[in-house]
Amino acid sequence: MNISKTRLTFPAPFLLVTTVLVFASGFRADARDVQHLSRAQPGGMPGMPVITGITRGTNGFTVSWDGPSGDYQLFQKPGLTDSQWHAIGKSSSKVARSLTTPAVAEGSSVTLFRISGPSPQYAGSQSCQECHNPILSNVTHTGHFGAFTNALFVAQRGQTDVSCLPCHTVGYGLPTGFINASKTPQLANVQCESCHGPAALHAANPEDPVTRPRVDLSAAVCGGCHNGSVPARVAAFHPPRFEEWSVSPHQSVGDELKADFAGRYGSRYFIPTCGACHSGTVREALLEGTSLPTGHEAGAIGIACATCHDSHEQTVHNNVLNGMHTNRLTGFVITNSQLGKFYTNQMSSPLASLVDYHSTGSFATDYNPEINACAQCHNDRGASANALDAPPHRSSQYNMLNGTFREEDTGVTSNQPANHA
Ligand code: HEC
Ligand code: HEC
Ligand code: HEC
Ligand code: HEC
Ligand code: HEC
Ligand code: HEC
Ligand code: HEC
């Protein structure tokens, strides 16, 4: 591939600009090192720069923003009447999407910020094939790749209804994004760039670290589409998954544990042990065999969508229960005669399994992908009902369900399993 030639075919990047007006009082400093998508944006990973937070500290303002990978430039204007925008700091790459401005002049009561960043350059998933074919050939068979073309969506007149397109296509409404089925067929359906952001510049020049697409476990990436804010006539197809998750204890790492991750014994003790069940980023690193995240990063993501749903898998678990499952979208019911059939919902662990499970040792020795998704974390960890000191706690829900963990004991060794099994 002639990289420089390919790159020249893109239009010169024009600036997309977001302007935010700030009144210079009462903000708190809250700088963060790694940026995850903090707010769900329609369509998934944003293709446009957006300012997500402005806080005031003793040394000035900390401005954070989000958007696709690429270089950004922050500008400031001290007052409404000033004619000039002043560039602040160096144009910064995708890693730190936040900057602290110099101290604000005494007596200034208002200040304006503007961020300019890369314009989206969408490519479509066939451009990824050359280098990411194993991922592509899996993802092609997930529900995501049929989001625009499947019969149900067509029957609901989704293909020509603009209110449906931001979540069922790539980059609808943005420059270089989806327009319609005949002009931009390569951008129909939910694809790689829905979760990773525009990636044409990366496909043309994968060596460039600045335009390398984002990889983010944050539930906000999924939440931009998996929410209940849809036209009423199609509400039945759109359960408010993100809203529900957002009010569950899975949505973040508990405050105490967050402090432990970032504290003195974080990397030696809390991250490798507690992180396996309490942190989405730690669990991902353990599963992938990559190095464990830092304290802050370990506390940044709870049990997110991607912790339970593997975006790159098509069929992950076997049916082991009878007639348990109806696929809501296709109506396909897995019945008795179809034991062992695969579900097609990208779960990262089997939903239904009767295999008992007690994780007693380290993740490396105990992890078993054949175990019920919830049981991966909600198991007794080898504690007995009588032991009140299972360090630091036991979560015997799965074993209770299976009947292998007794209800709390009165001292009589009746050995009654719970009835749930
Ligand atoms: C010409 C080869 C090539 C093409 C085409 C290509 N990539 Fe990549 N991609 C790479 C390389 C090389 C890396 C870096 C791998 C690494 O460092 O581990 C990468 C990394 C990535 C990453 C991970 C970034 C990270 O921080 O881990 C994502 C996501 C990605 N590519 C998405 C895409 C998408 C989406 C497309 C299609 C629009 C695409 N790539 C097209 C070569 C390519
Ligand atoms: C539904 C969202 C989603 C879609 C669609 C998706 N990804 Fe990903 N991708 C993720 C998430 C989440 C991660 C990080 C967790 C992981 O590795 O599974 C990731 C990780 C990656 C990585 C880095 C780590 C790895 O697993 O190699 C690459 C490269 C990548 N994706 C490329 C692609 C390409 C290419 C496509 C399209 C063929 C694609 N992704 C489609 C969500 C998605
Ligand atoms: C651009 C919007 C969009 C984004 C971003 C997105 N999804 Fe989806 N997702 C959809 C649509 C639309 C469907 C319905 C597809 C269909 O079956 O037609 C869907 C279906 C699914 C399904 C059912 C798939 C199947 O094979 O039956 C799962 C699971 C899922 N998404 C999980 C995720 C996760 C996890 C993420 C984030 C990592 C995510 N999605 C990001 C739009 C999105
Ligand atoms: C906010 C993003 C969003 C909007 C807007 C949206 N959808 Fe969806 N749609 C989704 C997601 C996400 C799913 C998967 C839901 C799930 O399985 O939980 C989905 C699923 C569906 C399904 C069932 C699965 C399938 O076959 O695709 C239909 C039908 C559907 N949408 C039609 C529509 C129509 C018609 C519109 C416009 C009137 C629309 N949607 C607007 C995100 C959206
Ligand atoms: C095998 C998985 C697993 C490991 C390892 C684990 N936990 Fe938990 N933890 C859970 C589950 C599941 C729950 C929620 C259910 C429950 O309370 O039984 C929980 C709940 C908690 C709670 C209560 C949450 C709250 O907000 O009240 C605290 C505190 C806690 N764990 C701390 C820790 C600490 C500290 C470690 C490491 C020393 C740790 N956990 C290791 C799975 C685990
Ligand atoms: C703790 C694990 C867990 C988390 C976290 C989680 N899910 Fe799920 N999800 C499940 C299970 C279990 C099912 C049921 C699968 C089934 O019925 O076969 C499911 C079902 C789904 C389905 C329907 C799949 C289908 O085939 O119909 C979608 C879509 C989905 N989840 C999206 C999400 C999104 C988006 C998030 C984050 C906001 C999320 N999930 C977070 C475990 C999880
Ligand atoms: C990756 C580990 C993990 C997985 C997988 C997991 N959980 Fe959890 N779950 C936790 C942790 C950790 C907590 C406690 C969070 C906190 O309070 O800080 C928790 C809390 C809960 C709670 C709240 C308990 C309470 O006392 O308020 C419920 C309910 C729950 N989980 C159900 C489920 C179900 C159902 C599944 C499977 C679909 C599941 N979990 C999968 C780790 C997990």
Side-chain angles (χ1 to χ4, degrees), residues 1 3 40-45 69 94 122-132 135-136 141-150 152-153 158 164 166-172 189-207 209 212-226 237-238 241 249-250 254-257 260 269-270 272-278 303-311 313-315 327-330 343-348 358-360 363 366 374 376-381 391-398:
M1 179 174 55
I3 287 173
Q41 306 284 344
M45 189 56 87
S69 51
K94 66 168 182 167
Y122 288 104
S125 59
Q126 65 285 19
S127 312
C128 324
Q129 184 172 17
E130 183 189 342
C131 310
H132 297 290
I135 297 177
L136 179 63
H141 296 104
T142 64
H144 282 142
F145 264 58
F148 183 81
T149 47
N150 75 65
L152 209 47
F153 186 70
C164 317
C167 305
H168 286 260
T169 70
V170 176
Y172 177 72
N189 300 314
V190 176
Q191 305 183 14
C192 322
E193 290 164 295
S194 305
C195 297
H196 294 293
L201 297 176
H202 160 74
N205 183 8
E207 305 305 318
R212 191 159 291 170
R214 296 178 63 179
V215 175
D216 192 351
L217 290 169
S218 169
V221 175
C222 324
C225 299
H226 285 271
F237 296 109
H238 299 89
R241 308 230 183 240
H250 288 155
D255 286 342
E256 216 179 307
L257 205 47
D260 289 336
Y269 177 68
F270 291 104
T273 57
C274 323
C277 302
H278 281 270
I303 320 299
C305 320
T307 311
C308 296
H309 295 282
D310 191 328
S311 304
E313 292 293 340
Q314 38 177 311
T315 54
N327 186 309
R328 195 180 42 79
L329 303 183
T330 60
Y343 293 155
T344 57
N345 58 5
Q346 313 166 32
M347 285 291 293
S348 52
H358 317 265
S359 62
T360 49
F363 187 84
D366 273 4
C374 317
Q376 299 284 344
C377 304
H378 289 268
N379 71 76
D380 65 16
R381 302 154 75 190
H393 62 75
R394 53 177 182 265
S395 310
S396 50
Q397 294 86 9
Y398 178 66

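Computed from a prediction, not measured in an experiment: that's the story for all the values here. Whatever order the structure lists them in is the order used to number ligands and atoms, beginning at 1.
In this structure, C164 and F148 have side chains that are not in contact, with every pair of non-hydrogen atoms separated by 4.5 Å or more. Residues F145 and V190 form no side-chain contact, since every pair of their non-hydrogen atoms from C-beta on lies 4.5 Å or further apart.
Remark: the backbone N or O of G124 is paired with a side-chain donor or acceptor of E193 at under 3.5 angstrom. Looking at T273, its side chain does come within 3.5 Å of a backbone N or O of Y269 through a donor-acceptor pair. Side-chain atoms of R212 come within 3.5 Å of backbone N or O of P206 as a donor-acceptor pair. Formation of a donor-acceptor pair under 3.5 Å by the N189 side chain with backbone atoms of T169 is not found in this model. One N or O on the side chain of H168 and one on the backbone of A147 form a donor-acceptor pair closer than 3.5 Å. The main-chain N or O of G146 is found under 3.5 Å from a side-chain atom of N150 such that the two form a donor-acceptor pair. Between the side chain of H196 and the backbone N or O of R214 there is at least one donor-acceptor pair closer than 3.5 Å.
Of all the heavy atoms of V221, the ones lying under 4.0 Å from any atom of ligand 3 belong exclusively to the backbone. The part of L257 lying near ligand 5 is the side chain, judged by heavy-atom distances below 4.0 Å. With a 4.0 Å cut-off on non-hydrogen atoms, P206 touches ligand 1 through its side chain and not its backbone. In H226, the part holding a heavy atom less than 4.0 Å from any atom of ligand 3 is the side chain.
In this structure, G224 has no heavy atom closer than 4.0 Å to ligand 3. Contact annotation: E256 has no heavy atom less than 4.0 Å from any atom of ligand 5. Close to ligand 5: S359, with a non-hydrogen atom less than 4.0 angstrom away. A276 does not count as a contact of ligand 5, since none of its heavy atoms falls under 4.0 Å from the ligand.
The aromatic rings of H226 and H144 sit perpendicular to each other, their planes meeting at more than 60°, with 30° as the lower class boundary.
Near S311, with a cut-off below 4.0 Å to any heavy atom, the atoms of ligand 3 are 38 (C). Set against the non-hydrogen atoms of C192, the atoms of ligand 1 under 4.0 Å away are 35 (C). Ligand-side atoms of ligand 3 in range of A147: 12 (C), 15 (C), 18 (O), range being under 4.0 angstrom from any heavy atom. Near V215, meaning under 4.0 Å from any of its heavy atoms, are these atoms of ligand 1: 23 (C), 24 (C), 25 (C), 27 (O), 29 (C). Less than 4.0 angstrom separates some heavy atom of G44 from each of these atoms of ligand 3: 5 (C). In the vicinity of H168, heavy-atom distances shorter than 4.0 Å reach the ligand 3 atoms 12 (C). Atoms of ligand 3 lying under 4.0 Å from any heavy atom of C305, numbered from 1 in the order shown and given with element: 35 (C). Listed by atom number, the atoms of ligand 3 under 4.0 Å from N150 heavy atoms are 16 (C), 18 (O). Residue contact check: G43 has heavy atoms under 4.0 Å from atoms 1 (C) of ligand 3.
For a threshold of 3.5 Å applied to N or O pairs, the pair formed by Q376 and ligand 5 contains no separation below that value. Backbone and side-chain nitrogen or oxygen atoms of R214 are examined, and none is located within less than 3.5 angstrom of a nitrogen or oxygen of ligand 1. Residue A306 has no nitrogen or oxygen atom sitting less than 3.5 Å from a nitrogen or oxygen atom of ligand 3, judged on distance alone. Distances between N or O atoms of H309 and those of ligand 3 include no value under 3.5 Å. Among the atoms of H144, some N or O lies under 3.5 angstrom from an N or O of ligand 3.
C225 lies apart from atom 8 (Fe) of ligand 3 in this respect, since none of its N, O or S atoms is found at a distance under 2.8 Å. Put simply, C222 stays out of reach of atom 8 (Fe) of ligand 3, with no N, O or S atom under 2.8 Å from it. Residue C377: no N/O/S atom is found under 2.8 Å from atom 8 (Fe) of ligand 5. At a cut-off of 2.8 Å, H132 is counted among the residues with an N, O or S atom near atom 8 (Fe) of ligand 1.
Atom 8 (Fe) of ligand 1 is closest to atom NE2 of H202 (considering only N, O or S atoms).
A donor and an acceptor atom, one from each side chain of H358 and D380, are located under 3.5 Å apart.
Closest heavy-atom approach to atom 42 (C) of ligand 3 among the candidates V190, L217, T169, D216: V190. Comparing C374, G275, C274, P272 against atom 38 (C) of ligand 5, the shortest heavy-atom distance belongs to C274. Of the listed options H250, H378, Q397, R381, R381 places a heavy atom closest to atom 5 (C) of ligand 5.
With V221 as reference, C195 is the one residue of C195, C305, S311 to meet the side chain to side chain contact (heavy atoms under 4.5 Å, CB included) rule.
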